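Everything below concerns the one structure shown next.
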Amino acid sequence: MDEEFFMRDAVAVAADLLGARLLVHDVGGVIVETEAYRQDDEASHSHRGPTRANAAMFGAPARAYVYRSYGLHFCFNIVCETGSAVLIRGLQPTHGLETMAQRRGLADPRRLCAGPGNLCKALGVTKLMDGMPILSPPFSLALAAEKPAIVSGPRIGISKAVDLAWRFAIEGSPYLSKPLRPAER
DNA sequence: CTCAGGATGATCT
DNA sequence: GATCATCCTGAGG
């Protein structure tokens, strides 16, 4: 796992991150759900070019892009090639379950890290981590030993570019924020 | 300076 | 499915 991995199309990285183990201060688990956002993407914060808020998306790859959502929650992304990033939407908790349960005020492992806001709360991710390299402490990222079976579908919570199937998940995972059904026919 | 609008989540119907 | 809590930022006057 090195910076090269992230110097690619965010859509490819989003798919390849599934099954990887993400920890923050030794708390976290296996990535089961991601979404890709690119600069040529109407739904992306980077679409209108660099600003103070999205500066991290235009910085070095393999760094965190953390923003506040709806005034209440944080969302955690990993920056890929310039102007693009992968939103981490769900983990299967494996490390520090007790800490997560305490931070979240519940114990159900299927809900602890389901959704970007919940995930950040469980892992203690805040705006302070915006721009930090995710290949060094307090972060830890290790790719999957074996590639899991994945599915893709439309992204969640956006109003533009809704037709792009840039949400990725491990097939059949019970840890998703919402079920993902492969495109219909 | 004002102000609308979110890459959400919990709760209620 | 609808509502709402609550905070910036970026856009426009």
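So you know, we letter chains A, B, ... as the sequences are listed, proteins then strands, and number each from 1. As the structure is a computational prediction, the values presented were derived from the model and not from experiment.
A donor and an acceptor atom never sit less than 3.5 Å apart when one is taken from the side chain of A:Tyr70 and the other from the base of C:dA5.
Residue A:Gly117 is in sugar-phosphate contact alone, with no base atom involved, counting any heavy-atom pair closer than 4.0 Å across all strands shown. At a threshold of 4.0 angstrom between heavy atoms, the contacts of A:Leu87 include nucleobase atoms, whether or not backbone atoms are also involved. Note on A:Asn77: a base of the nucleic acid sits closer than 4.0 angstrom, heavy atoms only. At a threshold of 4.0 angstrom between heavy atoms, the contacts of A:Arg104 are confined to the sugar-phosphate backbone, with no base atom among them. At the heavy-atom level, A:Ala53 lies under 4.0 Å from the strands shown only through sugar-phosphate atoms. Note on A:Arg68: only backbone sugar-phosphate atoms sit closer than 4.0 angstrom, heavy atoms only; bases stay farther off.
To the nearest 0.5 angstrom, A:Ser46 atom OG is 10.0 Å from A:Asn77 atom CG.
For the pair A:Phe74 CZ and B:dT8 C1', the interatomic distance rounds to 13 Å; values are reported in whole Å. Atom CE of A:Met57 is separated from atom C1' of C:dG10 by 16 Å (rounded to the nearest Å). In this structure, A:Lys178 atom NZ and B:dA10 atom P are separated by 13 Å, rounded to whole Å. In this structure, the NZ atom of A:Lys121 is 14 Å from the C1' atom of C:dT6, given to the nearest Å. In this structure, A:Tyr67 atom OH and C:dG10 atom P are separated by 14 Å, rounded to whole Å. Between A:Arg48 atom CZ and B:dA7 atom P there is a gap of 11 Å when expressed in whole angstrom units. Between the CG atom of A:Leu176 and the P atom of B:dT8 there is a distance of 15 Å, rounded to whole Å. Regarding A:Ile88, its CD1 atom lies at a distance of 12 Å from the C1' atom of B:dA7, rounded to whole Å.
Proximity of A:His45 to the phosphate of B:dA7: a side-chain N or O atom is located under 4.0 Å from OP1 or OP2. Look at A:Arg111 and you won't find any side-chain N or O under 4.0 angstrom from OP1 or OP2 of B:dG9.
For A:Tyr37 and B:dA7, the ring-to-base geometry satisfies the stacking test (centroid distance below 5.5 Å, interplanar angle below 30°).
Nearest to the side-chain atoms of A:Ser69 among the listed nucleotides B:dA10, B:dT8, B:dA7 stands B:dT8.
Residues A:Leu128 and A:Val27 do not share a hydrophobic cluster, clusters being chains of Ile/Leu/Val/Met/Phe/Trp/Tyr side chains in contact below 4.5 Å.
Figure legend. B:dC12 is base-paired to C:dG1; pairs are counted as Watson-Crick or G-U wobble with both atom distances under 3.5 Å.
Salt bridge A:Arg155/A:Asp163: absent, no basic N to carboxylate O contact under 4.0 Å.
Ring geometry for A:Phe139 against A:Phe76 counts as parallel: the plane angle stays under 30°, on a 0 to 90° scale with 60° as the upper cut.
Of the possible donor and acceptor atoms, one in the side chain of A:Arg104 sits under 3.5 Å from a partner among the backbone N and O of A:Leu112. Side-chain N or O atoms of A:Ser44 include none that pairs as donor or acceptor with a backbone N or O of A:Asp41 at under 3.5 Å.
When the nearest nucleotides of DNA chain C are assigned to A:Leu72 and A:Asn54 by heavy-atom distance, the more 5′-ward of the two goes with A:Leu72.
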